[in-house]
Colleague: 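Sharing a structure below in structure tokens format, with a few things to ask.
Every chain is numbered from 1 and lettered A, B, ... according to where its sequence line falls, protein lines coming before strand lines. Note that this is a predicted model, so its numbers are computed, not measured.
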Amino acid sequence: MSYDPASIESRWQKRWAEARVAEVDVRNDEGEKYYMLNMFPYPSGDLHVGHGRNYILGDALFRWLRMQGRAALNPMGWDAFGLPAENAAITRGIHPGEWTRNNIAREKAQFERWGILYDWSKELASCDPRYYRWNQWLFLQLLERGLAYRAKAPVNWCPGCQTVLANEQVVDGRCERCSSEVKQKDLEQWFFRITEYADRLDAGLDTLEHWSDKVKVMQRNWIGRSVGADVRFAVPAIGRDITIFTTRPDTIYGATFMVLAPEHPDVPALIRDSPVREEIEQWSEKVRNQTNLERQSEASGKEGRFTGQFAINPLTNEEIPIWLGNFVLPQYGTGAIMSVPAHDQRDFEFARQYGLEIRVVVSPEEESLDSTFMEAAWTGDGFSVASGSITGLATMPAIEQISDEIEKRGIGKKTVRYRLRDWLISRQRYWGTPIPIVYCEKCGTVPVPVDQLPVELPLDVPFTGREGNPLAKMDSFVQVACPRCGDAARRETDTMDTFVDSSWYFVRYISSHDDDQIFDSKLVNRWLPVDQYIGGIEHAILHLLYARFVTRVLHDMRLVNFEEPFTRLFNQGMITKEGYRDPSNNLAWVALDEVELRDGLPFRKGTELELVQEIGKMSKSRFNVVPPDELIARYGADTERVYTLFIAPPDKEAAWSDEGVIGAWRFLSRVWSLGEQVATLRSDEEDPASVKMIRKTHQTIASVTRKLERFEFNTAISSLMELSHAIADYLAAGGSSRSDATVAYESLLKLLHPFAPHITEELWEKLGHEPFLLTSSWPAADSELMKDEVLTFVVQINGKLRAQMELPAGVDESTATSEALQHSKVIPHLEGKQVVKTIYVPGKLVNLVVR
RNA sequence: GCGAAAGUGGCGGAAUUGGCAGACGCGCUGGACUUAGGAUCCAGUGGCCCAAAGCCGUGGGGGUUCGAGUCCCCCCUUUCGCACCA
């Protein structure tokens, strides 16, 4: 009977489901716990082979852990709130809840077809009131602790999505989702005070040994910690000081002017008496109205205006002019800088443009700078010159000393500033967690009492698709009695950023059915932190930073005893596919993760309708989406799994090739037919000719185990291919020992099981064994049986002459050396030479280096 | 511009600590079986050379070493991240 995946895969999928093999009783504390987790998906409907990679590699890991006898937990859920559901409601008249439920059902079925095992008893969906009530509870806890607050602030407004965005969701001045240009708007919004945790979030990165440097650097840059000083400059004309922030207080003697952002609150007072006030105001207005994108692109050429007023440099006591500049950002620091053009490139350019004084106060070690001939600022370290008490000091001690002096004289203080800003969580959208707040004329902003949670999202809302949040137009939702005084009041109609949902879901899995508390701390402390977290690099900042923040809040609430939620993080690479080549737009390789299937048609992610012609017109056979259905129907899920893992190292981007799939198919077919061949062997005697095969078997056990530990799935599979060749070679050479061949073949099946679970279960059963069903069955290698019979010596003399000889395996270094010298008769070059080094490589060859 | 990672056959990619470069797979070539093959099996497949011997080969150039894809220096290219953050 030939290999027919269709007939065996569904049978085993059913069997695994019936036996609930992946279910874990979290109260059982036997065994070494291992909590592994794939980032929960947004249920957009169809999953393609690019998504598959993520889950397949997780499943391979999970099955391997279980085969090793570990108490591995692998839950799954749904990040089920979000914009696409709402858009589907608008364009197709389906309720977001229904759309989401349908998609969840489809994706779940797809997981099953891939043979992926999750503990579905812990399934959760963020759009379920039983989940999001704890989202609301968490919000109230943060509010109580002063970590949630409402403020009017300039926020990022996306005209495409008709909602505000967190800073993290703005990429290059555009909306991360729809690429609309983001505008600044002043709005009253809810924030989480993540900046309170900036220092801990930064410092915690050092403890994450098993995260890639790439992700850690991205987080570190985002948090943007910088150490410096706030210094006050007196401005007599307005009768108050203006505070600046600098990381280089040692250069303060070179501060020859000051620059404010046009948004700085003191600007109106400063320019009140200016003869060119109107012009300055017009210019400020222009800069302010620019989107960040425009401002940044235009501001590579700097622009500014002189206010007509002066500040006093507190160290030189000189009057320095106060300018406005488009390159000074209102949100960072104090929105005001002291300009040291000799030692800051931006200040240098500004000074050259407007003819302002450039004064050297730091001298590099081996040259002296002359401001008239400088072509760029000297921003490196050096020695302070013409700088009062710090003159002659090197930069580092100079910073120390001047900072102390500034503090002592009461003109400023040492400060640590962060680029990170508070997390804006309000969204003017329907499909999200309602913010549990009521606005009462009498009592003000009133939190909904915990015993009234959840504030449920009403289901019967009209979706017009026209501006604004449909919730705001629903009187039955908005009109409410004030929980405090009982008078008529209004509900908050904004919902929470869906990143709130995903910032703690990994904890909830442990207690996903608990309606009395957010989770059971005792169990959570046993199972968390997550040992292995798997997901895409696109979450390097947003999701992971928020999750780290919320975990620290939970820690400070004494609900959990850890601060970092994810011990190991693995970011898999994307799968790309050669698509339709359109010479006009050169659309060739497309990352599959950038494509969504909607009604079976491919769309570029984040776009709504405009790319239909460009992409959607392409026929499926030519286009770049590989739907797993077709693939599975033809080759089976095991083939897709093996190919996906074999294609490239899992952290790298990989190019999908339809021809390549066939290699995985041939391999599995060969494994299938090998079983039939082994079964026909009759001899139960041991066969000396099987040594090579047995050795290969044990070497493969060792190497596959090692490779799985390191996520090297691609080479693990190639090792298994080699083992299958070794068995085939043994049979082809007339090997007759059924027991020897069975040892090798059964090991092959076990080692292959995490990658190709269906075929291996089937073949295992055919051999008369009980099915694996995730029992502990991982083989152990016998290192004695791994050793080669003979070692080849390669003798090099001055790297030129060579001779070879063979010695029995297992010799140690000194034996090898003396043996080699005894053989020097047959290797005449060795006579009278001195052995300088012997390299002993188990299982390979021995080099003897001679002079 | 700054920071990080990476450059190996026609392609995806292998190569514990420096130790037989190109494992494994695709593709290709030849053959077998076939009415047929886009199915299956066998053999070959880095380059130069009819072949052998030999020589050359891991982006380029230097260096260390008996020995370098691997270590050090310089350069080039690609990808990713950051980009007026004072």
Colleague: Tell me whether the centres of the aromatic rings in A/Phe713 and A/Phe711 are closer together than 6.0 Å.
Modeller: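 Yes, close enough.
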
Colleague: Is B/rG9 syn or is it anti, if syn means the base angle is within 90 degrees of 0?
Modeller: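 Syn conformation here, the glycosidic angle of B/rG9 being no more than 90° from 0.
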
Colleague: Rounding to an integer number of angstrom, what distance separates B/rG18 and B/rA5 when you compare their C1' atoms?
Modeller: 22 Å

Colleague: List the atom of A/Leu356, the atom of A/Pro321, and the distance in Å for their closest heavy-atom pair.
Modeller: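 That closest heavy-atom pairing would be CD2-CG, 4.4 Å.
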
Colleague: Is there a residue in residues 245-259 of chain A whose heavy atoms reach under 4.0 Å of RNA chain B, and which residues are they?
Modeller: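 Only A/Phe245, A/Thr246, A/Thr247 qualify.
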
Colleague: Calculate the interatomic distance between A/Lys216 atom NZ and B/rG81 atom P; express it in whole Å.
Modeller: 19 Å

Colleague: When you compare B/rG13 with B/rC26, how far apart are their C1' atoms, in angstrom units rounded to a whole number?
Modeller: 11 Å

Colleague: Taking A/Arg641 for the side chain and A/Phe755 for the main chain, is one N or O donor matched with an acceptor at less than 3.5 Å?
Modeller: yes

Colleague: Would you sketch RNA chain B in dot-bracket for me? Only Watson-Crick or G-U wobble pairs with both distances under 3.5 Å count, crossing pairs as [ ], other-strand pairs as |, the rest as dots.
Modeller: (((((((..(((......[....)))((((((.......))))))(((.....)))..(((((..]....))))))))))))....

Colleague: Quick one: closest heavy-atom pair of A/Phe348 and A/Pro341, and the distance?
Modeller: CB-O, 3.1 Å

Colleague: How close do A/Asp422 and A/Ile194 get, heavy atom to heavy atom, and via which atoms?
Modeller: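 Nearest heavy atoms, A/Asp422 then A/Ile194: OD1-N, 3.2 Å.
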
Colleague: So does A/Trp665 get a side-chain nitrogen or oxygen closer than 4.0 Å to the phosphate oxygens (OP1/OP2) of B/rA39?
Modeller: no

Colleague: Could you tell me whether the side chains of A/Glu349 and A/Gln345 share a donor-acceptor contact shorter than 3.5 Å?
Modeller: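 Yes, A/Gln345 and A/Glu349 have a side-chain donor paired with an acceptor closer than 3.5 Å.
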
Colleague: Name the nucleic acid region contacted by A/Arg417, choosing base, sugar-phosphate or nothing; use a 4.0 angstrom heavy-atom cut-off, strictly under.
Modeller: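 Counting heavy atoms under 4.0 Å across all strands, no contact is made by A/Arg417.
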
Colleague: Could you say whether A/Lys707 or A/Ser669 is positioned toward the 5' end of RNA chain B, judged by the nucleotide with the nearest heavy atom to each?
Modeller: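 Mapping each residue to its closest nucleotide by heavy atoms, the 5'-most match is A/Lys707.
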
Colleague: Locate the shortest heavy-atom distance separating A/Leu57 from A/Pro650; write the atom from each residue and the value.
Modeller: CD2-CB, 3.9 Å

Colleague: Can you check the A/Glu712 CD to B/rG25 P distance for me, whole Å?
Modeller: 18 Å

Colleague: Whole angstrom is fine here: how far is it from CG in A/Leu329 over to P in B/rC82?
Modeller: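 Distance, rounded to whole Å: 16 Å.
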
Colleague: From the options B/rG13, B/rC82, B/rA39, select the nucleotide whose nearest atom is closest to the side chain of A/Ile662.
Modeller: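 Of all the options, the side chain of A/Ile662 is nearest to B/rA39.
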
Colleague: I'd like the P distance from B/rA39 over to B/rU77, given in whole Å.
Modeller: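 Taking atom P in both B/rU77 and B/rA39, they lie 43 Å apart.
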
Colleague: Taking only the C1' atom of each, what is the distance from B/rC49 to B/rU58 in whole angstrom?
Modeller: 23 Å

Colleague: How close do A/Val328 and A/Pro262 get, heavy atom to heavy atom, and via which atoms?
Modeller: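 For A/Val328 and A/Pro262, the tightest heavy-atom pair comes out as O-CD, 4.4 Å.
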
Colleague: Between A/Phe350 and A/Lys302, is there a cation-pi geometry (under 6.0 Å to ring centre, at most 45° from the normal)?
Modeller: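 So A/Lys302 doesn't make the cation-pi contact.
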
Colleague: Under 4.0 angstrom, heavy atoms only, what part of the nucleic acid is A/Val661 near: base, sugar-phosphate, or nothing?
Modeller: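 Answer is nothing: A/Val661 stays at 4.0 Å or more from every strand.
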
Colleague: Please report, rounded to the nearest Å, how far the P atom of B/rG81 is from the CH2 atom of A/Trp222.
Modeller: 13 Å

Colleague: If you pin A/Lys214 and A/Asp344 to their nearest nucleotides in RNA chain B, which one's is more 5'?
Modeller: A/Lys214

Colleague: Under 6.0 Å between ring centres: does that hold for A/Tyr643 and A/Trp656?
Modeller: yes

Colleague: Rounding to an integer number of Å, can you tell me how far A/Tyr3 OH sits from B/rU40 C1'?
Modeller: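 About 16 Å, once rounded to whole Å.
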
Colleague: Rounding to a whole Å, what distance do you find between A/Ile537:CD1 and B/rA5:P?
Modeller: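 After rounding, the reported distance stands at 14 Å.
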
Colleague: So do A/Leu545 and A/Ile223 actually touch side chain to side chain, heavy atoms under 4.5 Å?
Modeller: yes

Colleague: Taking the C1' atom in each of B/rU70 and B/rU64, what is the distance between them to the nearest angstrom?
Modeller: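 Rounded to whole Å, the distance is 14 Å.
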
Colleague: Do any of residues 713-732 of chain A sit with a heavy atom less than 4.0 Å from RNA chain B, and if so which?
Modeller: A/Asn714, A/Thr715, A/Ser718, A/Met721, A/Glu722, A/His725

Colleague: Separation of A/Asp4 atom CG from B/rU40 atom P, in whole Å?
Modeller: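 Value for this atom pair: 15 Å.
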
Colleague: Taking A/Arg53 for its side chain and A/Gly573 for its backbone only, find out whether a donor-acceptor pair lies under 3.5 Å.
Modeller: yes

Colleague: Base, sugar-phosphate, or nothing for A/Ser226, non-hydrogen atoms under 4.0 angstrom?
Modeller: sugar-phosphate

Colleague: Within the structure provided, determine whether A/Arg417 and A/Thr247 are in side-chain contact (heavy-atom separation under 4.5 Å).
Modeller: no

Colleague: From the list B/rG27, B/rC82, B/rU16, which nucleotide is the closest neighbour of the side chain of A/Asn221?
Modeller: B/rC82

Colleague: From the list B/rG12, B/rG81, B/rU16, which nucleotide is the closest neighbour of the side chain of A/Met218?
Modeller: B/rG81

Colleague: OP1, OP2 of B/rC42 versus side-chain N and O of A/Arg670: anything below 4.0 Å?
Modeller: no

Colleague: Is any side-chain N or O of A/Arg666 closer than 4.0 Å to OP1 or OP2 of B/rC26?
Modeller: yes

Colleague: Quote, to the nearest angstrom, the P distance that separates B/rG22 from B/rG9.
Modeller: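 Here B/rG22 and B/rG9 have their P atoms 14 Å from each other.
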
Colleague: Which nucleotide wins on minimum distance to the side chain of A/Arg710, given the candidates B/rA86, B/rU16, B/rC26?
Modeller: B/rU16

Colleague: Pick the P atom in B/rG62 and in B/rC28, then give their distance to the nearest Å.
Modeller: 39 Å

Colleague: To the nearest Å, how far apart are A/Arg419 CZ and B/rG81 C1'?
Modeller: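 Rounding to the nearest Å, CZ of A/Arg419 and C1' of B/rG81 are 11 Å apart.
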
Colleague: If we only count heavy atoms from C-beta on, is the A/Leu723 to A/Thr697 side-chain gap below 4.5 Å?
Modeller: yes

Colleague: Say we look at B/rG63 and B/rA68: how far apart would their P atoms be, to the nearest angstrom?
Modeller: 12 Å

